[in-house]
Number of protein chains: 2
Amino acid sequence: MPESKIIDLFALNTSSGIPIYRQLVDQIKQAIMMGMLEKGQQLPSVRQLAKALQINPMTISKAFAQLELEKILERRRGVGMLVAQQSKQTEVPLVVSESMQKFIKIAQQHDLDNEAIMLLIQQGLSVKIEGNQS
Amino acid sequence: MPESKIIDLFALNTSSGIPIYRQLVDQIKQAIMMGMLEKGQQLPSVRQLAKALQINPMTISKAFAQLELEKILERRRGVGMLVAQQSKQTEVPLVVSESMQKFIKIAQQHDLDNEAIMLLIQQGLSVKIEGNQS
DNA sequence: CCTAGTGTATTAATATAATAATACACCATT
DNA sequence: AATGGTGTATTATTATATTAATACACTAGG
């Protein structure tokens with residue numbers, strides 16, 4: 001994916017109540033999972049993004065700081081940012097996406113809305129382990 | 001489910017960063033979805049819960065205020081709280097749970113952790129319509 | 001070295017949310 | 001009406017998170 005198009009990956013919603021930097025973090029992880037960003041891929045500069053998205057450069061930087069902590073991106077002062085070669089986030093296998101789509105379809109056919117679906121999954125994930133982690 | 005056992009439904013984590021009242025809201029919705037709370041079912045009183053869970057009564061009340069707004073519970077001053085007969089939250093059909101469990105199993109077999117699974121679903125839900133928007 | 005491009009540490013301003021204390025409102029039973 | 005149980009509006013405190021401004025740090029290329 002050409003660097004110029006990467007900016008189009010981001011769809012920020014400033015009135016959703018979800019912090020901008022978190023939206024950035026999530027959307028980058030998702031882009032990698034969907035195969036839209038590859039390891040070694042260079043990202044647009046903090047200032048380019050900040051200008052294009054009309055937000056403060058530090059907000060971008062904060063998002064990337066978190067992503068670096070999680071070993072997903074590498075930041076290089078004076079150079080730029082790129083998807084880490086050893087990124088912990090990787091593209092999701094097709095069978096997984098397919099299984100998910102099947103599940104979502106069935107859930108929607110039974111009138112579950114998005115929030116209910118998220119809650120159900122959350123429940124499903126926490127039940128696996130007896131007692132609560134998190 | 002006997003009222004005395006309902007308190008056991010709640011597993012609050014005061015150090016998770018997730019607000020207590022939101023944990024209560026989510027856990028009640030989940031309990032209904034899992035069939036552990038039924039329509040018309042009476043809930044323990046605000047003060048009983050507050051004492052058992054070691055939190056302020058107003059925190060319980062806040063959670064229930066939200067659930068009433070969403071037409072899930074009914075609150076009756078001087079009487080108590082109960083699951084609304086017309087509750088918008090309903091038990092999830094078995095086929096849905098099964099499909100979900102299948103999906104979770106496959107995802108975990110492919111090394112997705114809980115956070116990745118949640119992000120994936122979130123992505124899956126936001127990409128509603130495949131096709132042209134031209 | 002100088003410049004113009006990278007990213008960022010520090011700090012401050014803002015915004016907002018979460019929790020709790022209090023006193024009050026409502027209801028059923030006597 | 002008195003009592004003892006319900007829930008709650010109001011208010012204040014606290015905590016904390018988010019965003020932004022500024023000045024600084026690093027790098028590549030001329």
Side-chain angles (χ1 to χ4, degrees), chain A residues 3-4 6-7 10 12-28 37 40-84 87 134, chain B residues 3-4 6-7 10-28 37 40-84 87:
Chain A
E3 188 174 320
S4 60
I6 291 182
I7 290 179
F10 302 104
L12 300 183
N13 183 343
T14 49
S15 62
S16 70
I18 300 165
I20 293 172
Y21 84 94
R22 176 163 302 291
Q23 293 184 44
L24 284 168
V25 167
D26 288 350
Q27 288 177 21
I28 287 175
L37 285 178
Q41 167 97 53
Q42 173 108 19
L43 298 178
S45 82
V46 161
R47 285 176 181 78
Q48 278 177 353
L49 278 175
K51 189 171 183 187
L53 303 176
Q54 295 279 312
I55 58 182
N56 190 288
M58 283 310 295
T59 302
I60 312 271
S61 185
K62 179 172 182 179
F64 288 171
Q66 164 140 9
L67 288 164
E68 184 169 59
L69 258 181
E70 298 184 41
K71 312 261 193 224
I72 292 169
L73 297 185
E74 277 179 38
R75 299 184 292 176
R76 298 196 188 150
R77 260 196 199 199
V79 179
M81 293 171 299
L82 38 82
V83 180
S87 180
S134 36
Chain B
E3 188 174 319
S4 60
I6 291 183
I7 291 178
F10 302 104
L12 299 184
N13 183 341
T14 49
S15 61
S16 70
I18 298 165
I20 293 170
Y21 84 95
R22 175 159 301 290
Q23 293 184 45
L24 285 169
V25 167
D26 288 350
Q27 288 177 20
I28 287 174
L37 285 177
Q41 167 98 52
Q42 174 109 19
L43 298 178
S45 82
V46 162
R47 284 178 181 78
Q48 278 177 351
L49 278 176
K51 189 170 181 185
L53 303 176
Q54 295 280 312
I55 58 183
N56 190 287
M58 285 309 296
T59 302
I60 312 271
S61 184
K62 178 173 183 178
F64 288 172
Q66 162 137 11
L67 287 165
E68 184 169 60
L69 258 182
E70 298 185 38
K71 312 264 193 223
I72 291 168
L73 297 185
E74 275 179 40
R75 300 184 293 175
R76 298 197 189 150
R77 261 198 199 200
V79 179
M81 293 170 299
L82 39 80
V83 181
S87 180

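Lettering follows sequence order; numbering is per chain, from 1. It should be emphasised that the depicted structure is a prediction, and the values quoted were computed from it without experimental measurement.
- For A/Glu68, the side-chain hydrogen bond (donor to acceptor under 3.5 Å, both in side chains) partners two or more places apart in sequence, or in a different chain, are A/Arg75.
- Judged as a side-chain hydrogen bond (donor to acceptor under 3.5 Å, both in side chains), and not counting sequence neighbours, A/Gln27 has no contacts.
- Regarding contacts with the backbone of D/dT8, a side-chain N or O of B/Ser61 is found under 4.0 angstrom from either OP1 or OP2.
- Remark: P of D/dG5 and CE of B/Met81 are 16 Å apart, rounded to the nearest angstrom.
- In this view, B/Glu70 and B/Lys29, B/Gln66 satisfy the side-chain hydrogen bond (donor to acceptor under 3.5 Å, both in side chains) rule, not counting sequence neighbours.
- Note: CD1 (A/Ile60) to C1' (C/dT6) measures 14 Å, nearest angstrom.
- Residue A/Leu67 contributes atom CG, which lies 14 Å from atom P of C/dG7 at whole-angstrom precision.
- Residues B/Ile20 and B/Leu53 have side chains not in contact (no heavy-atom distance under 4.5 Å, counting atoms from C-beta outward).
- Regarding A/Leu43, its CG atom lies at a distance of 13 Å from the C1' atom of C/dT6, rounded to whole Å.
- In this entry the distance linking CD of A/Gln42 with C1' of D/dA28 reads 13 Å, nearest Å.
- By the side chain to side chain contact (heavy atoms under 4.5 Å, CB included) test, A/Ser16 pairs with A/Asn13, A/Ile18, A/Gln23, sequence neighbours left out.
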**Prompt:** In B/S/- notation, 5' to 3', how is nucleotides 11-25 of chain C contacted by protein heavy atoms closer than 4.0 Å?
**Reply:** -------SBBB---B
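- Between B/Leu73 atom CG and D/dT6 atom P there is a gap of 17 Å when expressed in whole angstrom units.
- Regarding B/Gln48, its CD atom lies at a distance of 17 Å from the P atom of D/dG4, rounded to whole Å.
- Sequence order on DNA chain D of the closest nucleotides to A/Arg76 and B/Arg75 puts B/Arg75 first from the 5' end.
- Residues passing the salt bridge (charged side-chain N to carboxylate O under 4.0 Å, His left out) test with A/Arg22, sequence neighbours excluded: none.
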